[in-house]
Structure formats: structure tokens, C-alpha cells
Amino acid sequence: HTHTHSDWPIRARGDGIEGVMTHKPTGKMAEAGPSLQEDFEETPLWVAVFTMIGYGVLFVVGHVRDFLGKLQIIRNGSSKESPKLKDFPPLYRDFESFYTRNLYRRIRDCWNRPISSCAGAHVTLKERASKDKNWSFEWTGEEKEYLNLGSYNYLGFAETEGLCATAARKATELHGTSLCSPRSELGTHKIHVELEELVAEFVGKPAALTFGMGFATNSTNIPILVDKQCLVISDALNHTSLVLGCRLSGATIRVFKHNDMVGLEAVLRRAVIEGQPRRNRPWKKILICVEGIYSMEGSMVNLPEVVRLKNKYKAYLYLDEAHSIGAIGKTGRGVTEYFGVNVDDVDIMMGTFTKSFGAAGGYIAASKEIIDEMRARSHGNIYACSMSPPVAAQVVESMRIIMGKDGAKEGQERIRSLAENTHFFRTRLREMGFIVYGNNDSPIVPMMIFMPQKISAVSRELKKRGIAAVVVGYPATPIVESRSRFCISASHTRAELEQALAAISEMGDVLGLKYSREPLPIAAADKDSKKKKD
């Protein structure tokens, strides 16, 4: 069974509506972009072995602590079933919280840190202390400022002064903080219309629809595009919002290894040849879901190859640009601009306003027919409260600055500064001997920690040195690939990054994190030899 039509209509939820999404491969390409160059240095064997041993020790110690807790020798502050409900089906299973109780709880001070400032280049943390080994926290009354390497403030628009802040304040004064209604009722304001027109112009699509929450932009709209007679082919590292949206749709889901184009083609070929299970009828449609930049790996999608395969097998493409829009490309227009891919070859373009635009919410950009269908049927549009006017004003103003509509070059300066800061930070970390994942142009910089006992140590040691950073471990990452994820911003100065790198290098020496076995870049090797001579 093969697809014989070059124009292959989507029928939303089998309701007979045709022409909602039409596959029209243009074959046109913009000026060719850079090739995909990414670094995923293999985990040293001894590191992997000791990481597994570390988790094994924590698992054994956890069981010992649980046993002592049952004997009431030590405190066990986790939830328990009420004796009054012993005749009812259990709402809580003790073993299910084993990881949370015995691993996460012990280092809980490294997460959920409350802030009391704008999340700019620096951030103010409200200090906490625990008297019961992280079962609970108390305020100390102190507030301290830290260099912020954890927020997705790529272009530095999260600020309390400037054009964006002024626009947001003005919108609050004129329109209030909320419209208290869904978009489909009395929640569509003229500022929403202006924003959607600007988004469509910015990404190069005929129409766009905005939502108040980035996660819901994926989870509530993918079910509009596919149903149980459709196939979704998803990258293995796709975000939870994409995964949830695909599952809610009822479509069959098949996963391919991250950026494995041979694997993707094998799945596509098999889907076209075999069709739907049991009946062997052709799939109503095949939708490929990928992200522009993957937030845990700092990796970029191999978009030119994905587009080539999508056109070859008459599939459709859903591109999530949450982390790439605004941050990547000569003028900030994301991975399509970065790789020189024509936007007509991407059927659905999704993005969020929480990163490069310093705001909240998300958008879908596509053909007018698709957007009209979503406007009529999306739960995110029909039931959710519309985007707050000051938030919309923040996005409009920041996007105007990026596009140069303010008559200045501030937007281009921010994009250039972000690129320079990213290259500098990534290069210096590698020169120091750390294992760094991802694409050289990605502002997300994962530095590998590996061992579970070092996750909290990295966070605490960096905090001691005035750096607020994010650490991530299992189950958010593979069990042997714990990491610290740094987010670079255009608002960081070179002096601030050098200060951060000095602190990270000192921390890396203390904790033994310089695992890399790759040869140093020539420039770094020359510096080392010069130091030895001196």
C-alpha cells in the first residue's frame, strides 16, 4: 500500500473535514545552511561502572532506611495510607515513592529554589534551611544574588526595564491582567490578533494561533491533527508535551532513535508498505514529530534530512521550536533559517514564548485552513483562559525588536551576542576537560556529571561560588547520564561568563568531573604548553 496522491488531505478526527492539511512538497530550498556537527563523547567505561555502583549503594541504603523507619528508629515523613481506609483499594503504594523518598528527598534543596527577582543575567534566591533532612524547609530571612545560568532567557528579554517592560506595564494599565474568558468566547483581544499576525509574518506562514501555555500548545493540538487511523513517528528524545499530545490523539506511535535518519527511513518505508496493523489499509496520514533543539541534550534536529524523507514518503512534519525560535538563525527565525530549509516544507510550526521572548505561552503556525480548524476545535482555544494582555504585549514588543520593526538593530545585536556567548562558553568548557553534549550553536549546554552522588555536590558547590545552575538526573535523563544544564543568554557579559567558567573549573577539580578523553583543541593545547614552560 502506497500513497499515490501528492496532495494528501488530513481529516480531523474522522469527521469528514478534508483539506485541513495538504502535503505540497515544494522542493525549494533557501540558501544552504551549515552541516549538522554535534558532540556526544562516549561515557568512559569506568565512569559508567561506578555510576551503576553508586545507584546500587543508594538503593541498598534506601531499603535499610525504610526498614529502620518502620521500626521508628529514624523518621519516615513520606505519605501513608490512612488506617480508616484499609478496606478500600489503596491510593498510595509505598514502593512507588521509593526513589522520591530515598534519593530525591535527600538532595531536594537543589531544586524548587524560590526566587525574588527578575530571571535576568542575575537572580536573587530566597535562602532556605531544613532541620529534618529535607523533609521540610524554613525561610532563613536571607536573600542572595547569583549569576543565573539556569533560565531560558536566551535573548535577555526577561528584564524590568526597556521597551518590553514598558509595553507590558502599559498593557496592564490599559487592559488589566486578565480577560477572564476563553478565546472562543470573550477572551480575544485586539492584542491577540496583532500577536498572531506578527507570529505568522515572523515564521513565514500564512496564519498562526496563540495559546497561554506552551505545554498545552502541543498536548491539546496534536489530537486535532491525527486520530486512530493515523501514524505518528516520534523522535525518541521528544518533550513530554509532544508525547502526551500523541498519546491523547489515539494514533499509533512509533519511535526512532534521536536523529537517526536511517532508522527514520526504515520506519517510514515499513509504514508505507505494510499500512495499518491487521487490516493493511494505508494510513490516513503519517506525521513526523521532531524538535528544533532538544532541551536535555542541546542537540539540533537534522532538519534537511527529515524534510527530504518527509517529501519522499509523502508524510507530514510537525516541528516544535520551543528552544530554537529566536535563538537560532541569522535573524532568529529558528532551525529552518539555520539550515536553509524552506518553511513550506514544514507543515506545522510550533513554538513557545517562554524562552527567547521572555514571556509565557505558545503558538501554532500553519496554513489558514489548519489554523481555522484548530481555532474551532482545539481545547486550548475553547476552554483555556486567553493569554494575559501584558504577556501578549511583552511578546509583541520583543518580536518587533527581533524583526527590527523598532527601527534599531537591538534585536540583531542580541542574536549575535547569544551566538558569541554560546561558542565561547562551550569551547572553554571543552578546553577545561569537561564532557559537553550537543550542537556547537545550541545555547543549551549540558555538562556531564554521570555519578548520582555528584549531582547534589555540583549544585551546592556552584551555589557556594555564586552560580545558580540546574542539575538533572534519572528519570529525566538516562540513569548513567546525569548532567548540569547551563543556559546561555545574550544578557551575559564576557566577564560574567569568565567568572562562571572559573567557578565551574574549580568545582570540576574538586569533584573530579573533567572526564573528557578527547584531544584538546589546538588553541587550548598551545595555552597548556605555554603554561608548563612558564
Side-chain angles (χ1 to χ4, degrees), residues 1-25 209 216-257 261 263-291 301 306-320 344-350 364-382:
H1 296 270
T2 59
H3 307 302
T4 58
H5 301 288
S6 60
D7 290 353
W8 185 29
I10 275 191
R11 295 174 182 170
R13 282 295 197 182
D15 56 3
I17 299 176
E18 298 189 5
V20 177
M21 180 158 55
T22 305
H23 174 75
K24 294 183 179 180
L209 182 61
T217 305
N218 278 330
S219 61
T220 64
N221 287 303
I222 292 177
I224 306 299
L225 301 172
V226 289
D227 60 22
K228 63 182 180 180
Q229 298 181 52
C230 303
L231 173 67
V232 175
I233 304 178
S234 177
D235 190 291
L237 298 183
N238 275 347
H239 190 262
T240 305
S241 59
L242 285 168
V243 174
L244 178 60
C246 294
R247 289 176 177 174
L248 291 175
S249 72
T252 299
I253 303 170
R254 291 178 185 163
V255 178
F256 67 97
K257 187 178 178 181
M261 296 300 105
L264 174 58
E265 182 163 21
V267 175
L268 282 166
R269 185 187 299 114
R270 183 176 177 181
V272 170
I273 293 172
E274 296 181 0
Q276 299 180 41
R278 293 185 296 274
R279 295 182 296 176
N280 295 115
R281 293 179 181 176
W283 295 100
K284 187 195 296 184
K285 50 189 168 285
I286 300 173
L287 181 68
I288 304 171
C289 285
V290 294
E291 295 185 47
V301 64
V306 172
V307 166
R308 182 185 68 82
L309 293 174
K310 167 249 184 187
N311 288 336
K312 179 178 178 180
Y313 290 95
K314 304 295 188 293
Y316 301 95
L317 179 57
Y318 187 106
L319 175 63
D320 179 337
D344 291 342
D345 284 323
V346 181
D347 301 286
I348 306 289
M349 300 181 74
M350 178 271 176
I364 296 282
S367 67
K368 189 176 183 302
E369 291 80 9
I370 296 173
I371 296 303
D372 287 345
E373 184 69 15
M374 286 186 171
R375 201 181 299 277
R377 304 186 66 242
S378 170
H379 288 182
N381 189 67
I382 297 173

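When every heavy atom of Pro223 is checked against every heavy atom of Leu248, the shortest pair comes out as CG-CB, 3.9 Å. In terms of heavy-atom proximity, Ile348 sits nearest to Ala366 at CD1-CB, 3.8 Å. Counting all heavy atoms, side chain and backbone alike, Cys289 lies closest to Asn238 at O-ND2, 2.9 Å.
Looking only at side-chain heavy atoms (C-beta outward), Ile286 and Tyr313 stay at 4.5 Å or farther from each other. At least one side-chain heavy atom of Asp227 sits under 4.5 Å from a side-chain heavy atom of Lys284. At least one side-chain heavy atom of Ile370 sits under 4.5 Å from a side-chain heavy atom of Leu225. With contacts defined as side-chain heavy-atom distances shorter than 4.5 Å, the pair Val255/Asp235 does not qualify. The shortest side-chain heavy-atom distance between Ile222 and Tyr318 falls under the 4.5 Å cut-off. A heavy-atom distance below 4.5 Å is not found between the side chains of Met350 and Leu319. The shortest distance between side-chain heavy atoms of Thr252 and Val232 does not fall below 4.5 Å.
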* CA sep, side-chain torsions, deciding dist, call: Gln229, Trp283, side-chain contact (heavy atoms from CB on, under 4.5 Å) -> CA-CA 6 Å; Gln229 298 181 52; Trp283 295 100; 5.9 Å; no
* Could you go through the side-chain contact (heavy atoms from CB on, under 4.5 Å) check for Met349 and Ile364 one step at a time? => CA-CA 6 Å; Met349 300 181 74; Ile364 296 282; over 6 Å; no
* Verdict with supporting geometry, Leu231 and Leu287, side-chain contact (heavy atoms from CB on, under 4.5 Å) -> CA-CA 6 Å; Leu231 173 67; Leu287 181 68; over 6 Å; no
* Asked: Hey, mind stepping through Phe256 and Val290 against side-chain contact (heavy atoms from CB on, under 4.5 Å) and telling me if it holds?
  -> CA-CA 10 Å; Phe256 67 97; Val290 294; 4.1 Å; yes
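Note that CZ of Arg377 is 12.0 Å distant from OG1 of Thr220, once rounded to the nearest 0.5 Å. Interatomic distance, Leu209 CG to Arg375 CZ, rounded to the nearest 0.5 Å: 5.0 Å. Note that the CG atom of Leu309 and the CE atom of Met261 stand 7.0 Å from one another [nearest 0.5 Å]. We find the CG-CD1 distance between Leu268 and Ile273 to be 11.0 Å, quoted to the nearest 0.5 Å. Considering CG of Leu242 and CG of Leu237, their distance stands at 11.5 Å, rounded to 0.5 Å. Note: Cys230 SG to Ile253 CD1 = 12.0 Å, rounded to the nearest 0.5 Å.
Side chain of Asn221 to backbone of Thr217: a donor-acceptor contact under 3.5 angstrom is found. Side-chain N or O atoms of Asp347 include one that pairs as donor or acceptor with a backbone N or O of Leu317 at under 3.5 Å. Judged by distance alone, the side chain of Asn280 and the main-chain N or O of Gly275 form no donor-acceptor pair under 3.5 Å. Side-chain atoms of Lys310 come within 3.5 Å of backbone atoms of Asp345 as a donor-acceptor pair (strictly under, hydrogens ignored). In this structure a side-chain-to-backbone donor-acceptor pair under 3.5 Å is missing from Glu291 to Asp320. Judged by distance alone, the side chain of Ser249 and the main-chain N or O of Cys246 form a donor-acceptor pair under 3.5 Å.
No more than 12 heavy atoms of other residues, nucleotides or ligands sit less than 6.0 Å from atom CZ of Arg247.
With sequence neighbours excluded, the residues forming a side chain to side chain contact (heavy atoms under 4.5 Å, CB included) with Lys312 are Glu265, Arg308, listed by chain and number. Here Ser241 pairs with Asn218, His239 under the side-chain hydrogen bond (donor to acceptor under 3.5 Å, both in side chains) rule; sequence neighbours left out.
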